[in-house]
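Written out below as C-alpha cells is the structure these notes cover.
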Amino acid sequence: MNNLKYTLKVWPMITIVVIGLCYLTQWGAKAFFGIELPEQDALQPVLNTLRSAFTDLAHFKAAAANLGLILGFAPIVEEILFRLILWKLPAKGLSALAKKFSWTKTAAAIPVVIAVLASAVFSAAHYLQMHWPNNAFIALFVFGLAQCWLYAKTKWLWCPMLNHFLFNLTNLILLFFVPTGT
C-alpha cells in the first residue's frame with residue numbers, strides 16, 4: 001500500500017516535469033535554433049475522435065478503442081517491455097555478473113546505463129511511424145528514466161504502470177481542454 005501511496009505522491013511531480021519539458025523543448029528549439037517543433041502526430045486524430053465521440057456510434061466505438069489503447073494497453077505493455085524486459089532483467093543479470101567478478105563500481109553503474117538505454121529506446125519507439133523530431137522526444141526520454149527510478153524505488157511493476165496510466169490520462173485531459181498550436 002505504501003508503494004501505491006508513493007506513486008500517487010510522485011505522479012504529479014513527474015507529470016509536471018515531463019509536460020514542462022515538452023514546452024521548454026519547443027521554446028528552446030524556436031528561440032535558439034529557429035526551428036518550430038511540431039506536436040506528436042498521433043495526438044490530433046485521437047483528439048478528433050474523442051471530440052466527435054458523442055455524434056455517432058462509430059466515433060464512440062473509435063474513441064473507446066483509443067482510450068483503451070492509451071489508458072490500458074499502453075501503460076501495461078510498455079512498462080512490461082521497457083521497464084521489466086529492457087531495463088530490470090538485463091540490469092539485474094549484468095549487475096550480478098559484475099559482482100561475481102568483484103567489479104563493484106561496474107555493478108553499481110550498470111542499472112543506470114541500462115536505464116538510459118531503455119529510456120532512449122522507449123522515447124524512440126514512440127516515433128516509429130510518426131514525425132520526428134517533435135516537442136516530446138526529450139520529455140519521453142525523461143519520463144522513461146523516471147519510470148525506471150519509480151520501479152527501482154518501489155520494486156513493484158504496478159507502480160510505473162499506474163504512473164503511466166495517470167500520466168496518459170493527465171495528458172489526454174490537458175490536450176482535450178487546453179487549446180494547442182495546431
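All residue numbers refer to positions in the sequence shown, counting from 1.
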Would you list the atom pairs, donor with acceptor, under 3.5 Å between side chains in residues 12-20 and any protein atom, with sequence neighbours excluded?
unit_1: Thr15; atom_1: OG1; unit_2: Trp11; atom_2: O; d: 2.9
unit_1: Thr15; atom_1: OG1; unit_2: Trp11; atom_2: NE1; d: 3.2

May I have the list of side-chain donor-acceptor pairs in residues 92-113 shorter than 3.5 Å, sequence neighbours left out?
unit_1: Ser95; atom_1: OG; unit_2: Ala91; atom_2: O; d: 2.8
unit_1: Ser95; atom_1: OG; unit_2: Ala107; atom_2: O; d: 3.1
unit_1: Trp103; atom_1: NE1; unit_2: Phe101; atom_2: O; d: 3.4

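Among pairs with a residue in residues 24-34, those fulfilling salt bridge (Lys or Arg N to Asp or Glu O under 4.0 Å) read Lys30-Glu36, at least two apart in sequence or across chains. For residues 66-75, there are no salt bridge (Lys or Arg N to Asp or Glu O under 4.0 Å) pairs, not counting sequence neighbours. Identified under the side chain to side chain donor-acceptor pair (under 3.5 Å) test for residues 140-160, with sequence neighbours left out: Glu79-Gln147, Gln147-Asn163.
Here SG of Cys159 is found 8.5 Å from CG of Leu8. Values are rounded to the nearest 0.5 Å. In this structure, Ile173 CD1 and Leu166 CG are separated by 9.5 Å, a value rounded to the nearest 0.5 Å. Summarising the geometry, atom CG belonging to Leu157 is positioned 11.5 Å from atom CG belonging to Leu162; distances are rounded to the nearest 0.5 Å. Distance check, rounded to the nearest 0.5 Å: SG of Cys22 to CG of Asn171 gives 7.0 Å. Once rounded to the nearest 0.5 Å, the distance linking CG of Leu24 with CD1 of Ile138 reads 8.5 Å. Between Lys9 atom NZ and Asn3 atom CG the span is 12.5 Å, to the nearest 0.5 Å.
By the 6.0 Å contact criterion, CZ on Phe60 is open, its count of non-hydrogen atoms from other residues, nucleotides or ligands being 12 or less.
Every side-chain contact (heavy atoms from CB on, under 4.5 Å) that Leu69 has, sequence neighbours left out, goes to Phe73. Annotation: side-chain contact (heavy atoms from CB on, under 4.5 Å) contacts of Leu67 (sequence neighbours excluded): Leu50, Leu71, Leu172. With sequence neighbours excluded, the residues forming a side-chain contact (heavy atoms from CB on, under 4.5 Å) with Ala152 are Trp87, listed by chain and number. Residues forming a ring-ring contact (aromatic ring centres under 6.0 Å, His included) with Phe167 (at least two apart in sequence, or on another chain): Phe143. In this structure Leu89 satisfies the side-chain contact (heavy atoms from CB on, under 4.5 Å) test together with Leu84, sequence neighbours excluded.
Leu21 and Ala139 get closest at one heavy-atom pair: CB-CB, 3.9 Å. In plain terms, the two heavy atoms of Leu145 and Ala115 that are nearest each other are CD2-O, 3.7 Å.
Counting heavy atoms from C-beta outward, Phe141 and Val116 have side chains that approach closer than 4.5 Å.
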